[in-house]
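I have placed the structure first, in the form of structure tokens, so that the comments after it can refer back to it.
So you know, we letter chains A, B, ... as the sequences are listed, proteins then strands, and number each from 1.
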Number of protein chains: 2
Amino acid sequence: MDTDDLGKDRVPRKRRKMQRITMADVAKLAKVSPSTVSLYLRKPDAVSPAAGREIARAIDHLGYVPNLVAGGLAAASSRVVSIIVPSIRNAFFAETVSALQAELTSEGLQVLLGHTEYDKEQEEALVRTALSWAPAAIVLTGLSHSRDTRKLLKAGGIPVLEMWELGGDPLDMAVGFLHPRVGASAAEHLLSKRRRNLAFLGARMQEDHRAAQRAEGFEEACRKGQAASWSVINHPGAATVEAGAILLNRSLQQNPQLDGIACSNDWIALGILFECQRLGVAIPDAISVVGFGDLDFSASCIPSLTTIRPSGDLIGKEAARLILSRIRAAAPPLPAIIDTGHVLIERCSS
Amino acid sequence: MDTDDLGKDRVPRKRRKMQRITMADVAKLAKVSPSTVSLYLRKPDAVSPAAGREIARAIDHLGYVPNLVAGGLAAASSRVVSIIVPSIRNAFFAETVSALQAELTSEGLQVLLGHTEYDKEQEEALVRTALSWAPAAIVLTGLSHSRDTRKLLKAGGIPVLEMWELGGDPLDMAVGFLHPRVGASAAEHLLSKRRRNLAFLGARMQEDHRAAQRAEGFEEACRKGQAASWSVINHPGAATVEAGAILLNRSLQQNPQLDGIACSNDWIALGILFECQRLGVAIPDAISVVGFGDLDFSASCIPSLTTIRPSGDLIGKEAARLILSRIRAAAPPLPAIIDTGHVLIERCSS
DNA sequence: GTGAAAGCGCTAACAC
DNA sequence: GTGTTAGCGCTTTCAC
């Protein structure tokens with residue numbers, strides 16, 4: 001049947017985009033109906049071995065690539081998971097996204113990524129576009145979002161997972177840990193080392209509200225513990241090695257008695273290590289330092305860094321597990337809130 | 001007309017997924033046709049102000065979110081750009097992806113992300129799924145891909161951009177720099193510092209073939225220059241601070257005369273700095289060190305690190321520029337190959 | 001400027 | 001097990 005039945009549709013509306021090979025082409029070549037091809041693609045065992053073989057041959061021969069957009073439309077849900085993080089340049093989130101992605105990809109899900117740069121409005125815009133893709137699930141960072149973001153998400157009817165924070169009221173599922181507890185652990189550790197004049201050095205805490213929570217937990221523990229003095233100092237810029245040096249100098253100036261420092265992350269801690277070396281301040285003799293993150297360098301620097309590991313990797317894995325089970329089961333697998341906890345790793349800097 | 005014509009289709013096939021608000025709903029409420037709503041959404045100026053106002057009100061009132069999946073299907077191209085990198089945990093690529101994403105998002109494009117873990121087969125699988133989304137463009141890392149990947153991409157008919165490498169034969173557009181030149185620059189710099197016994201210390205070079213290219217350029221320059229001896233040492237694992245320490249020890253063992261080191265990246269260089277401090281080897285007096293990457297810490301470590309900056313950020317921006325102009329113009333903006341070059345930043349480690 | 005109509009390529013009942 | 005049939009929600013001619 002290579003002649004047209006009616007002559008109409010003879011001339012394509014427009015030179016066809018690219019004469020994409022469709023499922024119908026495969027079906028024709030394999031001498032089956034399109035729906036059989038579709039079925040084969042989704043459940044190979046549901047079609048007869050003979051038909052399956054023909055279809056496989058046809059697919060291979062034509063170089064057919066299924067159109068997931070069409071599939072997503074027909075199925076009313078795309079095999080995409082939208083992930084929104086503050087920044088992927090941040091090693092913490094990169095680790096989580098990486099783990100999440102690895103797990104999801106292996107189950108045939110794609111990852112649509114967005115970053116907010118710690119801006120709630122940007123987050124809202126991203127959520128809006130994310131929803132436009134009818135994603136299978138959506139992953140956000142933190143529990144605090146704009147009113148409209150929450151509204152959109154609640155109305156969306158798709159699984160939502162919030163990560164890297166616990167303690168508030170999640171929209172749906174949550175995987176993370178309690179940041180105030182991290183700050184408290186740092187303070188308690190320093191106190192246990194007989195440090196009495198403490199400081200929490202953080203960066204960008206006006207925006208990074210999880211870092212601010214760690215600072216609060218730190219202060220709380222100081223208040224309850226035997227600290228003689230304590231303070232929280234914020235660097236408005238990014239949390240870098242350089243910020244660490246700046247913060248150390250400011251804190252030393254403010255309190256020359258300083259003998260214990262908790263940092264909002266390991267980059268800052270590393271900056272402090274270097275700056276102390278420059279200033280001739282002995283670590284941990286004169287000052288004990290505790291970081292946060294347990295980054296790649298933390299075990300290998302000099303002195304090696306005592307730090308608190310949040311396990312971004314585990315967060316990603318658990319998040320993926322929850323999402324997958326939700327997608328598969330439709331039924332929520334119960335109080336889907338997972339505390340991944342944190343671990344203080346004692347090394348030489350304290 | 002709220003009665004059905006035939007009674008059939010009375011009961012929805014299934015309880016409707018979520019009674020999604022569609023363009024038709026908006027149209028009905030605004031008392032215009034769906035196509036007018038569609039037009040308004042894409043070119044607000046093309047509809048009358050009155051209609052526009054009504055439509056805007058309806059959208060707002062109903063909380064309508066366009067379905068990009070349906071749009072993508074109808075338009076035969078989705079507003080998605082697929083980006084495939086070896087790993088986002090690598091600061092280099094994270095920087096590029098971040099820049100790329102920022103630029104693309106501001107133009108209304110989404111980013112679909114994949115990572116290969118330096119595996120060509122995985123890359124092929126990712127390209128395949130990426131194509132399933134009929135993306136507006138696809139971004140790959142490097143110029144070397146499997147036969148099938150190249151075939152798929154050439155048949156795909158969509159803009160392809162390869163980044164982070166130049167010198168080969170790009171499929172379409174390319175933004176990057178010449179890795180051998182980077183290795184050569186490092187060697188030349190060390191030679192100019194009267195270093196004669198050199199080594200290139202790299203990690204994962206069996207997979208990271210761009211690092212291998214840097215090593216080759218390094219050797220070539222040693223051969224042509226006045227080097228007395230040189231070698232290339234590879235650590236099979238990831239390029240971490242720890243790998244740096246291991247590599248330093250191996251190279252020192254192999255050649256105690258060693259007085260100049262080029263690293264495949266700054267993490268390794270940092271590891272060398274720390275290990276030298278441990279061993280009591282003076283930098284740069286006994287050994288000069290050159291890194292690659294100019295990462296966050298490179299200017300602030302002790303001693304500050306002489307390094308070569310490739311500018312992942314610039315690569316991302318240029319890539320975005322090329323993609324956007326291609327998408328807008330359809331016509332290739334000609335020799336779409338951009339060399340972002342590299343800069344040697346001399347600091348204290350050499 | 002606006003609307004009617006015809007798909008985009010696929011999935012999912014349902015009947016055979 | 002396989003084919004038929006309706007859409008999924010939108011874009012895009014094309015006529016008015």
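Under 3.5 Å, the side chain of A:Ser35 and the base of D:dG3 form at least one donor-acceptor pair of N or O atoms.
Between the CG atom of B:Asp45 and the P atom of C:dT2 there is a distance of 12 Å, given to the nearest Å. A straight line from CH2 of B:Trp133 to P of C:dC8 spans 19 Å, rounded to a whole angstrom. Summarising the geometry, the separation between CD1 on B:Ile55 and P on C:dT2 is reported as 8 Å, rounded to the nearest angstrom. In this structure, the CE atom of A:Met23 is 12 Å from the C1' atom of C:dA12, given to the nearest Å. Taking atom CD on B:Glu54 and atom P on C:dG1, their separation rounds to 18 Å, with Å as the unit. Regarding B:Leu39, its CG atom lies at a distance of 10 Å from the P atom of D:dT11, rounded to whole Å. For the pair A:Asn67 CG and C:dC8 C1', the computed distance is 8 Å after rounding to whole Å. Taking atom NZ of residue B:Lys31 and atom P of nucleotide C:dG3, one finds them 12 Å apart after rounding to whole Å.
Side-chain polar atoms of A:Ser144 and A:Lys120 form a donor-acceptor pair below 3.5 angstrom. No side-chain N or O of B:Thr116 forms a donor-acceptor pair with one of B:Gln122 less than 3.5 Å apart.
Contact check, B:Ser38 against D:dT11: a side-chain N or O comes under 4.0 Å of OP1 or OP2. Contact check, B:Arg42 against D:dT12: a side-chain N or O comes under 4.0 Å of OP1 or OP2.
Contact detail for B:Gly312 and B:Trp164: the closest heavy-atom pair is CA-CZ2, 3.6 Å. Nearest approach of A:Glu165 to A:Leu143, heavy atoms of both residues: OE1-N, 3.3 Å.
A:Thr22 comes within contact range of the sugar-phosphate backbone alone, with a heavy-atom separation under 4.0 Å but no base atom that close. Contact annotation for A:Ser48: backbone-only contact, meaning every heavy-atom pair under 4.0 Å involves sugar-phosphate atoms and none involves a base. B:Val69 comes within 4.0 angstrom of no nucleic acid atom, judged by non-hydrogen atoms across all strands. Within the 4.0 angstrom heavy-atom criterion, only backbone atoms of the sugar-phosphate kind lie near A:Tyr64; the bases stay farther away. When heavy atoms are screened at a 4.0 angstrom cut-off, A:Pro34 is found touching no nucleic acid atom at all.
Nearest nucleotide to the B:Val47 side chain, out of D:dG3, D:dG9, C:dT2: C:dT2. Of the candidates C:dT11, D:dT2, D:dT11, C:dT11 carries the atom nearest the A:Ala75 side chain, counting heavy atoms from C-beta on. For A:Ala51, taking side-chain heavy atoms from C-beta onward, the closest of the listed nucleotides D:dT2, D:dT11, C:dT11 is D:dT2. The side chain of B:Leu73 approaches D:dG9 more closely than any other nucleotide in the set D:dG9, C:dT2, C:dA12.
In this structure, the separation between CD1 on B:Ile59 and OH on B:Tyr64 is 7.0 Å, given to the nearest 0.5 Å.
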